[in-house]
Amino acid sequence: MNITNEMINEIRNKVDIVDVISKYIPLTQKGKNYFGVCPFHDDHSPSMSVSNEKQIFTCFSCGATGNVFTFVADYEHIGFYDAVRLLGNQVGYNLGQAKVIKNKNTESYEIYDKACKFYQNNLNTALGKNANDYLEQRHIDKETIKKFKIGLSLSKTSVTDFLLNKDISLKKLVDLGISNENGTDLFINRIMFPLYDLEGNVVAFSGRIYNTKDGSKYINTKETSIFKKGNILYNYHNAKELLKKNDSIIVMEGFMDVIRASTIGIKNCIATMGTALTKQNANLLKKMADNIILCFDGDKAGEEATLSAITILKEIDVNPKVVRLEENLDPDEYILKYGKDKFKAKIDNPESSIEFLMEQHKNKKNLTDIEDITKYINESLNDLSQIDDLVLIDLTLKKMSTEYKVEYDILKNKYQEIKNNQKQKQVVVSAKKKEKYSQQELASRYLINYMLKDEKIINEVEKKVTFFPNTNTRNLANEIIYYYHKYGILNVADFISYIANNEEELKLFNEIINIKTLSEYNPEEIEDYIKVINSYPVKRKINELKDKLKEEKNPLIQANILNEILSLKGVKQ
Ligand SMILES: [Zn+2]
């Protein structure tokens, strides 16, 4: 069964946000609203308000806002649609097998699904014998082949012909990176490893040679509308089902590493597909598990990837653990060479990221040289100052003190000094961070805030606003207008469901809905905002004309330009 917007709204109408949230945190009623301690930041006083009337929650302190689904999704560390399923099942909808529909891409997913099954089937035919032998020799068993939907590509036009026969256009196949423009297959005689998006849809392939030494070892689907390498976390959809919040997730580089680990029963692995861990990836990982273990390739590149992943994760207050493999081996090679037990022992005893970083600082230093030791200690103290674990900090300082024969108190003081400096810097940064918006952007945001409060303003905006200067703000305004026309009503709680999968839009929405504005709009105020926004194209035009004026030599044309500027400024001539 597919989950539609209408169904989501229906479920939302059947559950009460106050009931649901009060199962998670105690709420007390004050006036119209309910208040509780916010679970999304380190809250000591009840900063979260839950509105029975609007069916949304808002935290006055951290700005978290949302409806009943986004609350449950964020609290339970599950996806939006899983939250819909969870609450839906509680009010009598059986959505257990529900599949998320993304109308725009459904056709592409179906094509990939067909291609994937086609390749899988090839492996089961007589033509697949060599490939099967190869996989067996690489210790990839039948169960693993099935689980990861491994397949086989054959001759020059087989999958293209197969799909053309199913009334799919060649252009579509070329766009999706399955076929070449001349009608041949992109993958020929390769073992096919499907790559999945976060929902588990096959969106690309990586094809490996097996019976020849010619050609690149792997070729991958190019980036397409459904395949963005940076968005992929290989095996995320499987691992997610497996994990509970306090578990560990192991992050590797390649899909082969994940498949290999699975063959020895380690199933909580995902792969970044060789690209640097992105902020988006990091946020997903943080939601998935309490412990993140980085187990990248043992080579120099893997070391650098580890460093960069630590930096990204630290930005969101996650201190990952690190496993380093010897002899430049990747996890796949390591497991093949040393076996299950040795690899498991490594995974069970990862080092802390601080140990890893400190080890890094030892590179290219002579630790019998006093200057190098000083440098090493300072760099390590700097790293230490960025973590919060007091026990780990103290133990590390003590260890350093004995190892390099420096008084503990001196180390502690130096550490404190760095920490204090950092705090000062942070104050400066956060003061700078108080973003300054242009006048037009501020007016746009206030206006959208009122659109969400009163449908009359939606009409006003449609009639009078020519153009919101900022793309994101404009998109949100357009979504609101579109939604309003589609449903004839703008219910904020339902609108949140509507945009819940677009993180950026949801963030902007949160910022806007948290702007403190009057509960009833003042028509003059609205007019002012519209005037400011509409002045934008005029302003741009005036600036362009001014530039032109500066360069123009002909006095007659100069006069014309000047007139145009004056009339744009509204000066009567
Ligand atoms: Zn909060």
Side-chain angles (χ1 to χ4, degrees), residues 12 15-80 82-84 86-87 245-246 279-280 282-290 313-319 387-388 423 426-427 429-435 437 445-446 448-449 452-453 472 476 492-517 519:
R12 205 200 49 71
V15 296
D16 176 27
I17 192 167
V18 176
D19 287 347
V20 173
I21 294 186
S22 60
K23 280 183 197 144
Y24 292 99
I25 52 172
L27 294 176
T28 17
Q29 188 172 11
K30 272 184 212 156
K32 271 203 311 195
N33 292 336
Y34 292 76
F35 289 83
V37 172
C38 172
F40 304 123
H41 79 275
D42 187 13
D43 195 10
H44 299 289
S45 59
S47 313
M48 178 176 278
S49 122
V50 185
S51 162
N52 193 321
E53 182 195 1
K54 293 184 195 151
Q55 291 289 308
I56 62 173
F57 70 90
T58 310
C59 171
F60 298 113
S61 183
C62 72
T65 308
N67 63 13
V68 70
F69 301 124
T70 60
F71 181 91
V72 170
D74 288 343
Y75 193 95
E76 299 266 12
H77 302 279
I78 57 179
F80 177 80
D82 288 327
V84 173
L86 191 78
L87 293 174
K245 179 64 183 136
N246 55 358
K279 220 175 174 171
Q280 216 181 348
N283 276 315
L284 274 177
L285 293 175
K286 185 182 181 180
K287 282 189 187 174
M288 274 179 103
D290 274 351
L313 285 162
K314 261 200 193 151
E315 276 170 23
I316 53 166
D317 299 320
V318 175
N319 278 303
I387 60 172
D388 295 323
K423 269 199 191 128
Q426 263 162 11
V427 173
V429 172
S430 64
K432 268 191 194 155
K433 253 194 183 164
K434 274 205 179 135
E435 288 168 77
Y437 297 116
R445 288 174 175 230
Y446 274 82
I448 293 176
N449 178 288
L452 295 166
K453 273 189 190 153
N472 290 342
L476 181 62
V492 170
D494 285 336
F495 184 70
I496 293 171
S497 298
Y498 180 70
I499 58 169
N501 277 319
N502 186 333
E503 233 169 85
E504 216 175 317
E505 203 154 76
L506 196 61
K507 192 174 155 255
L508 178 65
F509 173 87
N510 279 354
E511 285 170 17
I512 288 175
I513 203 162
N514 282 312
I515 299 175
K516 305 267 173 296
T517 50
S519 55

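For ligands, and for the atoms within them, numbers begin at 1 and follow the listed sequence.
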- [ ] Name all residues meeting the side-chain contact (heavy atoms from CB on, under 4.5 Å) criterion together with Asp82; count only those two or more places apart in sequence or in a different chain, and write none if there are none.
- [x] Ile78, Arg85, Lys240
Task: Validation row: Thr58, Asn514 side chains within 4.5 angstrom (heavy atoms) - done: yes
Open item on the list: Any non-hydrogen side-chain atom of Val72 less than 4.5 Å from a side-chain atom of Tyr24?
Closed with: yes
TODO: State whether a side-chain donor-acceptor pair under 3.5 Å links Asn33 with Glu53.
DONE: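 The answer is no; no qualifying pair exists.
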Task: Selection residues 59-72 - residue pairs positive for salt bridge (charged side-chain N to carboxylate O under 4.0 Å, His left out), sequence neighbours left out - done: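 Pairs touching residues 59-72 that pass the test: none.
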Open item on the list: Taking salt bridge (Lys or Arg N to Asp or Glu O under 4.0 Å) as the definition, give me every residue that meets it alongside Lys507, ordered by chain and number, with sequence neighbours left out.
Closed with: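 In terms of salt bridge (Lys or Arg N to Asp or Glu O under 4.0 Å), with neighbours along the sequence ignored, Lys507 is linked to Glu511.
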- [ ] Tell me the protein N, O or S atoms under 2.8 Å from the Zn ion (ligand 1), in chain and number order.
- [x] Cys38 SG, His41 ND1, Cys59 SG, Cys62 SG
